[in-house]
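Written below as structure tokens is the structure these notes are about.
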Amino acid sequence: MTKPQSALNVYITVDTETWCGGWKNIDQKFPHAFANYIYGKTNQGNFGLPFQLKLLNDYGLKAVFFVEPLFSMRFGKSYLQEIVGMILEAKQSVELHLHPEWTDESKKVIFPHIKNKREHLKFFSFEEQKELISLGIELLSEAGCEQITAFRAGSFGANDDTLRAAQACGLAFDSSYNYCIPECEIKAFSDIHQPQVFERITEVPMTTFVDGMGKRRHAQLTACSFAELKSSLDQAYKHKWRSYVLLSHSFELMKLAQSQPDKVVIKRFEKFCAYLNAQQDKFNTCFFNERLITDQTDIKQPIGVNIVPTAKRYYEQLIRKAV
Ligand SMILES: [Zn+2]
């Protein structure tokens, strides 16, 4: 079906990564962590990556999986191949995500001069960032990705050098700009809402909105009610925005500490997918290397949602704790 040019391009982004809950005994903890963070293993079934891929495909939606590959320098490339294989088999898009906390955990030394743990990319020089991004692309390529075109820094901990380094590594898009996250130190832009070009790379910012209490909030699956997501989508369409970026994670449909499915968030994701599916004349899910439009530098105001969708979030967060 040909989508109308006026449709809002929706980028469903899923940061796909694994954590061991600290840095001690990580080799012992890793198998359990991989099962949790990637497969979403719970006492009631799996709600991670395979579940998300199936749901997206059931609703005929596209999503971009920002895959973190540095962990495989410690635990082996087969784990990364497993992740990439699942995403590509489901005909979804793999792009690069980096958490440099893994740098000093690698079995093969990456930076001999760096002994301490550096949490964010912005703590590395331009040359070091370039080396890490290049290594990430190489790891994803070895795992089966033919082409990587976009980048997102772990925890949005990027600076202007991150954009330059990604561009120097041949990437066309970055999606590390997040107005709501203090760790993000990209100064090239001042509160942008739509994709913009910086030097020779296109920044695709996280969508943020003003909630019913007057606070800015980014469009993350676990951080917003369905009503807020729906209302912000509708507002973006109404104001003729061309791009909307949703954030989620491979482990966001479960309660990690209790190894239980997060039924409220699962239902929220299903409703979000169903809404996009039902409104295909208005919303068009896509990958970064297609349909990106960068002619909206005149959009200076964030979108806003009213109090009712935000009140529903408070109610849903209470329910999440209770069930
Ligand atoms: Zn991440």
Side-chain angles (χ1 to χ4, degrees), residues 11-23 26 29-30 33-40 47-49 52-53 63-75 79-80 82-84 86-87 92-106 117-124 129 132-133 135-137 139-140 143 145 148 150-159 162-163 165-166 171 173-186 203-208 218-224 245-254 256 262 265 269 288:
Y11 301 89
I12 299 174
T13 66
V14 184
D15 293 358
T16 306
E17 62 204 30
T18 187
W19 295 105
C20 297
W23 299 103
I26 59 175
K29 290 177 183 166
F30 177 73
F34 190 77
N36 269 349
Y37 281 81
I38 301 301
Y39 283 89
F47 294 91
L49 190 50
Q52 292 166 324
L53 289 166
V64 177
F65 290 80
F66 279 107
V67 176
E68 205 298 318
L70 291 178
F71 81 98
S72 69
M73 297 283 285
R74 173 70 175 230
F75 303 111
Y79 294 103
L80 184 59
E82 207 171 314
I83 294 171
V84 168
M86 282 190 272
I87 299 167
Q92 299 291 359
S93 169
V94 173
E95 299 290 5
L96 176 63
H97 187 50
L98 283 184
H99 274 279
E101 296 99 313
W102 288 109
T103 307
D104 62 310
E105 307 290 346
S106 169
K117 195 170 284 300
R118 294 187 187 175
E119 198 183 343
H120 300 304
L121 266 177
K122 64 184 179 183
F123 298 143
F124 292 79
Q129 292 196 40
L132 283 173
I133 292 171
L135 173 62
I137 294 170
L139 290 167
L140 287 177
C145 295
I148 298 297
F151 178 70
R152 174 176 289 155
S155 309
F156 298 94
N159 60 10
T162 310
L163 306 189
L171 302 185
F173 310 103
D174 177 85
S175 188
S176 305
Y177 186 84
N178 189 331
Y179 179 84
C180 292
I181 301 286
E183 284 75 15
C184 179
E185 284 190 33
I186 296 173
E203 177 60 37
V204 190
M206 263 298 306
T207 292
T208 64
H218 68 193
Q220 181 177 0
L221 190 66
T222 47
C224 306
V245 178
L246 176 88
L247 170 67
S248 189
H249 290 83
S250 49
F251 48 85
E252 220 168 292
L253 303 183
M254 61 183 294
L256 282 162
D262 191 329
V265 179
F269 190 43
F288 276 109

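Atoms within a ligand are numbered from 1 in the order they appear, just like the ligands themselves.
In this pair, His218 and Phe156 present their aromatic rings tilted. The plane angle is within the 30 to 60° band. Below 30°, between 30° and 60°, or above 60°: for Phe34 and Tyr79 the angle between ring planes is above 60°, a perpendicular geometry.
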For this session: Just do the salt bridge (Lys or Arg N to Asp or Glu O under 4.0 Å) check on Glu101 and Lys117 with the steps written out, would you?
Result: CA-CA 6 Å; Glu101 296 99 313; Lys117 195 170 284 300; over 6 Å; no

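Here the N, O or S atom of His99 that is nearest to the Zn ion (ligand 1) is NE2. Within His97, NE2 is the N, O or S atom that lies nearest to the Zn ion (ligand 1). The Zn ion (ligand 1) lies closest to atom OE1 when only the N/O/S atoms of Glu17 are considered.
Contact annotation: Asp15 places no N, O or S atom under 2.8 Å from the Zn ion (ligand 1). The Zn ion (ligand 1) has no N, O or S atom of His249 inside 2.8 Å of it.
Under the 6.0 Å distance and 45° angle rule, Arg118 counts as a cation-pi partner of Phe124.
For the residue pair Ser155/Glu183, the side-chain donor-acceptor check at 3.5 Å is not satisfied.
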